[in-house]
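Ligands are counted one by one from 1 in listed order, and the atoms in each one are counted from 1 as well. Every value quoted in this text rests on a predicted model; they were computed, and no experiment measured them.
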Amino acid sequence: MDGKKIAGLLFPDVNESVDDIFKKYPPRHLKEGQVVSRFAPSPTGFMHIGNFFQMFISYNLCRVTDGIFFLRIEDTDSKREVKEAKKVIYDILNRYDIHPNEYQTLDGKDVGGYGPYVQSERKDIYKVFAKKLVEEGKAFPCFCRKTEGKDDVLKLRENKFVEDDEKEYDPCRDLSYEEVKKHIDNGESFAIRLKTKNTGKERVKFYDLIKGEIEAKANAKDFVLLKSDGVPPYAFAHVVDDTLMGTTIVVRGEEYISSTPMHIELFEALGLKPTLYCHNPLICKIDENGNKSKFSKRYADADMRYYSEEGYPKTAVLEYLLNIINSGFEIWRAKNPDAKWQDFTFSVKDITAVAPAFDIVKFNDVAKNIIAKMSAEEVYSSWLDWAKEFDSSLAKWLEANKNYAVGFLSIDRGGVKPRKDIYKWSMIKNETYPYMFSRPHFEELLAEDKEKCKEFLKEYAKDFVFPSSNEEWFAGVKQTAEKLGYAIDNKAYKQNPDAFKGNTAKACEFVRLALTGRRNSPNLFEIMRVLGEKETKGRLQSELK
Ligand code: GLU
């Protein structure tokens with residue numbers, strides 16, 4: 001057999017054997033049921049919500065079994081790597097308090113005994129495994145790219161020599177030791193390809209934790225294991241790394257199902273036991289109008305940073321994802337409204353098998369419910385934390401006006417039916433409470449009521465006594481209303497609306513508009529209390545010019 005001699009030519013510097021490597025990566029001592037899983041992102045400078053979703057499945061499988069969750073940076077495609085890209089990944093995990101048990105720190109220190117946790121630092125390991133396959137005649141060096149005048153071969157390569165008879169035309173598949181030596185002596189670089197044992201007719205079965213047993217066409221391609229720069233494409237790196245790192249469940253997107261037969265053949269060629277797979281369905285998106293679509297990278301909310309920038313509470317993101325990963329979560333949450341999400345028993349059998357949909361309206365509801373349960377102080381401090389990062393002038397304002405801010409955040413908070421009008425920190429100033437920051441404009445909302453409103457507010461402001469209770473302020477409105485010919489008895493108004501300028505509800509609406517610029521607002525007496533007497537009066541008079 002030339003395999004051993006060829007392997008020696010190709011890898012003269014590789015002295016370690018696969019067994020030597022295994023000694024450095026002994027099997028993990030796991031307790032019954034403990035899961036070892038991982039998040040293996042490519043550092044692209046961007047974390048898609050789908051990746052986070054998948055990571056969260058993996059994380060939870062480990063969390064509930066007291067297992068080991070590790071982070072492996074898959075930076076073998078250096079073209080895609082961007083500076084700071086690793087930091088983006090670490091920052092997002094940190095933000096959500098997801099702390100892998102094993103990982104490499106940003107300054108390159110491995111934490112855990114199965115590193116390096118960055119693939120570009122594992123090149124020497126991949127070579128040992130590739131060498132073994134060449135020695136055993138299960139892989140071969142391919143010099144094609146450097147071979148001139150072999151367009152037909154390059155074409156066939158593109159088609160991956162799928163049919164058995166085509167393999168005979170492959171100029172590299174069966175090179176003798178002498179031929180390989182000639183190429184090497186010429187200084188030609190080479191890739192290493194798997195020499196598949198299959199002909200294109202075989203089938204393969206594998207088990208998927210979500211989809212059950214899957215049967216598919218077995219791999220019949222001589223795919224690349226190592227590129228000419230010694231870097232492995234995904235398949236080889238996955239098989240080697242997940243074996244050495246002791247992964248018990250590989251959670252990855254279902255787009256990998258079609259290439260799983262390649263991975264199975266590789267495990268077999270190396271004499272290794274395949275890992276258990278959990279291919280999660282890809283997340284899709286439902287927008288505000290109920291339209292469903294692929295969660296394209298182009299959407300701003302596909303990027304995990306969006307949720308931080310917009311100021312969604314992190315628990316809302318995690319809980320909503322749990323919700324769509326596992327339908328049991330919603331039922332559990334309804335029964336346990338005050339429990340921490342961590343108390344939910346996450347089970348692999350309950351992971352959704354259908355495409356989960358990220359529905360922005362439902363997500364906002366989850367966030368609203370979470371924020372509605374927080375105290376005003378908690379909302380204030382989370383809002384301030386967000387502002388410190390994303391809106392420094394607001395942060396300064398919040399620090400200088402803490403009592404005022406906590407004051408208006410307290411309105412209609414607590415109690416059995418708290419207001420649910422905040423779902424992200426960025427909306428408080430401009431959408432929920434703009435009128436607590438500046439006087440509202442409301443003339444344009446009045447239309448035919450304009451003159452009536454002016455008349456009412458003028459009279460109301462004249463008689464205005466700063467109320468000390470809800471009843472008192474309502475009595476004040478009623479008094480002015482009655483004076484101006486409004487019905488204070490709604491029944492009487494309904495029977496004969498033309499006899500009145502309006503009813504008390506109308507009168508209250510004018511006050512509400514003057515104070516908040518809205519037809520709908522939290523309790524007006526409370527708003528007045530927070531605004532204070534001077535500002536309240538000022539607002540009542542401001543439209544009277
Ligand atoms: N680097 C691969 C990706 O980001 C990882 C897939 C896997 O988890 O195995 O898609």
Is a salt bridge present between Lys368 and Asp365, judged by a nitrogen-to-oxygen distance below 4.0 Å?
yes

Between Glu389 and Arg95, does any NZ, NE, NH1 or NH2 come within less than 4.0 Å of an OD or OE carboxylate oxygen?
yes

Does any N or O atom in [X] lie less than 3.5 angstrom from one in ligand 1, N or O only?
X	result
Ala40	yes
Glu74	yes
Tyr256	yes
Arg38	yes

Within a radius of less than 6.0 Å around CZ of Phe129, do more than 12 heavy atoms belonging to other residues, nucleotides or ligands occur?
yes

Under 4.0 Å to a heavy atom of Gln54 - the qualifying atoms of ligand 1, by number
8 (O)

Mark up the atoms of ligand 1 that fall under 4.0 Å of a heavy atom belonging to Val251, in ascending order.
8 (O)

Whether Asp242 lies under 4.0 Å from ligand 1, heavy atom
no

Can you tell me if Phe39 has a non-hydrogen atom under 4.0 Å from ligand 1?
no

Do [X] and [Y] have side-chain N/O donor and acceptor atoms under 3.5 Å apart?
X	Y	result
Gln119	Asp75	no
Arg38	Ser58	no
Tyr312	Asn364	yes

